[in-house]
Amino acid sequence: MTELFKYLRWDAKRRLYAARIFLLIWFALDLIVFALPQAACRWITFHAPFLTALFNILLALAGFGFLFYPAFILSASWFRPRRTMEQLTGISTKKQIVSGLLLNIPSALLLFLQSQIGSALMQKFARGGMSYFHLTFSEAAGFLPTFFNLMVFIPCLYLFFYLAIGKPGGNIPAFLLAYIFSPDITVLSQIFLPASLAPAADLVTALVKIVLTVAMVLGAARIAEKRGY
Amino acid sequence: MAENRMEIPPMETPLLLMQKVSFSYNKNPLLCQIDLHVRPGRIIGIAGSNGSGKSTLLKLAGGLIAPSEGSIRLSPPDGLAPVSYCLTSEQIPGWMNARKLMAYYSHFFADFDRERAQELLDSLALPQKRSLYWLSSGQITLIALSLGLSRRAALYLSDEPLASIEPKLRRDIRRFLLRCMPEGSSLVMVTHHLNELQYMLDELAILHRHTIRQIETETIRRKYGISVEDYFLKETKND
């Protein structure tokens, strides 16, 4: 466990440094919009709507980033020379994957927070029928299952397929496979559920996904080690 | 398929002993039944054509990847780490600098001598806080070698330390390696610059057609009367 936390500290620092320009730009944009007087916002709305559209697009990108970034974190640099630095640490591939999964959570939350802050700031430009991107969770979806799905389950499926495909351009087929299999597993686990367990369908699905997550992590680590990634 | 050949006198306990080591990438064989040994206090050059498995061999020796067959045994003296793999310029992210790299080494390697590393970095007179983006590959190589050689290890591994570097800096790197290599330790380096390094290398290992031939450079000069590079070209002429 100490080994994992040691690696996690370095991995977190590494990813933060790699993303620092992106984060600074976001922070700067938020500050600029926050600091703009209302009169300036009104002027922009009427005379330079492309600026609000641009900020809106950036918000949408942050929102989609929240959905897809966890998988990106896991997939970074498996086939690149810089992987050597991770291999040199001596930590097992399994623990490297677990570290990536753990870092998914704050990274994705940061993106989600940014989309919420941005949405609040966009109120300054609101007028009449103008709509803008706003990421929300509905009650029906359930925060915890959705969070687990997006932060853990789908990224694990994605990583497994990505390493199994074994080529740098395998991101897109891996994504497609992950996003196809994820709802299928939910459906299949409920189709084959014995009638007696029907009231606990959600719990059973969750357990099936947890078991599959562990299997995907172990499978991905085994593929990476066997192929020398 | 050519067999492994060795023209090396009987040896004391080797530091590194690779026996019948094989490795494949996606079921394509790269190394087949490789035998390699490294004695203490030796500098060994590994040469071969592109894609022959030189870097892979180095990573196997460094324990970064596992062989599909065979055994790799490291027997370091007491108190020394078995191996220190020196990073190359492509393997280090550009946003890092010498200080951050030193922090990485301090963080993960108990055998890392921070004082020695600082001393070596100071002797290079290179900017230590500047991101590697702004340094040349030769400068990054010198920084990476300083840090790699600052680990208290029995065997140092370096992958093409002279690649893509202008002649003056190549000379500086050669001198740096000779000056900073701890006594009694060994160095294995992948290289294409055989003529430049021939008087520095004690042994040459040629990777050819998935196998290896290991020979002392003194034997090449004495027995064959040719340069190390000419010997390499002679041994690989059917490629």
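Numbers restart at 1 for each chain; the letters A, B, ... are given by sequence-line order, proteins then strands.
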| query | Yes or no on side chain to side chain contact (heavy atoms under 4.5 Å, CB included) for B:F109 and A:T89, after CA distance, side-chain angles and deciding distance? | reply | CA-CA 8 Å; B:F109 306 114; A:T89 62; 6.0 Å; no
| B:L30 versus chain A, the contacting section by heavy-atom distance below 4.5 Å | neither
| field | Per-residue contacts, residues 157-167 of chain B versus chain A, heavy atoms under 4.5 Å | value | none
| task | Might you point out which heavy atoms bring A:M85 and B:I92 nearest each other, and give the distance in Å? | result | SD-CA, 4.1 Å
| request: Step through the shown structure and confirm whether more than 12 heavy atoms of other residues, nucleotides or ligands are within 6.0 Å of CZ on A:R20. | output: yes
| field | Inter- and intrachain pairs under salt bridge (charged side-chain N to carboxylate O under 4.0 Å, His left out), touching residues 89-105 of chain A, at least two apart | value | A:E3-A:K95
Extract all donor-acceptor atom pairs below 3.5 Å that involve side chains of residues 140-148 of chain B and protein atoms in other chains or at least two apart in sequence.
| residue | atom | partner | partner atom | Å |
| --- | --- | --- | --- | --- |
| B:T141 | OG1 | B:S137 | O | 2.7 |
| B:S146 | OG | B:L142 | O | 2.7 |

| said: Is there a side-chain contact between A:T84 and B:Y85 in this structure, where contact means two heavy atoms from C-beta onward sitting under 4.5 Å apart? | reply: yes
| task | I would like to know whether B:K59 and A:Q87 meet side chain to side chain contact (heavy atoms under 4.5 Å, CB included); could you show each step before the answer? | result | CA-CA 10 Å; B:K59 285 190 170 181; A:Q87 289 170 320; 4.0 Å; yes
| task | Pick one of side chain, backbone, both or neither for B:L87, based on which atoms fall under 4.5 Å of a heavy atom in chain A. | result | side chain
| message | Give me the atom names and distance for the closest heavy-atom approach of A:W10 to B:H107. | response | CB-CD2, 4.0 Å
| message | Within the structure provided, determine whether A:R14 and B:P93 are in side-chain contact (heavy-atom separation under 4.5 Å). | response | no
| message | Check this for me: A:L24, atom CG, are more than 12 non-hydrogen atoms of other residues, nucleotides or ligands nearer than 6.0 Å? | response | yes
| Gap between atom CD of B:Q91 and atom CG of A:L88 - 0.5 Å precision | 7.5 Å
| In terms of heavy-atom contacts, does CZ of A:R9 have more than 12 from other residues, nucleotides or ligands at under 6.0 Å? | no
N/O donor-acceptor pairs under 3.5 Å from side chains in residues 176-189 of chain B, not counting sequence neighbours:
| residue | atom | partner | partner atom | Å |
| --- | --- | --- | --- | --- |
| B:S185 | OG | B:A153 | O | 3.0 |
| B:S186 | OG | B:R39 | O | 2.6 |
| B:S186 | OG | B:G41 | N | 3.0 |
| B:S186 | OG | B:R42 | N | 3.2 |

| message | Within a 6.0 Å radius of atom CZ on A:F181, are there more than 12 heavy atoms belonging to other residues, nucleotides or ligands? | response | no
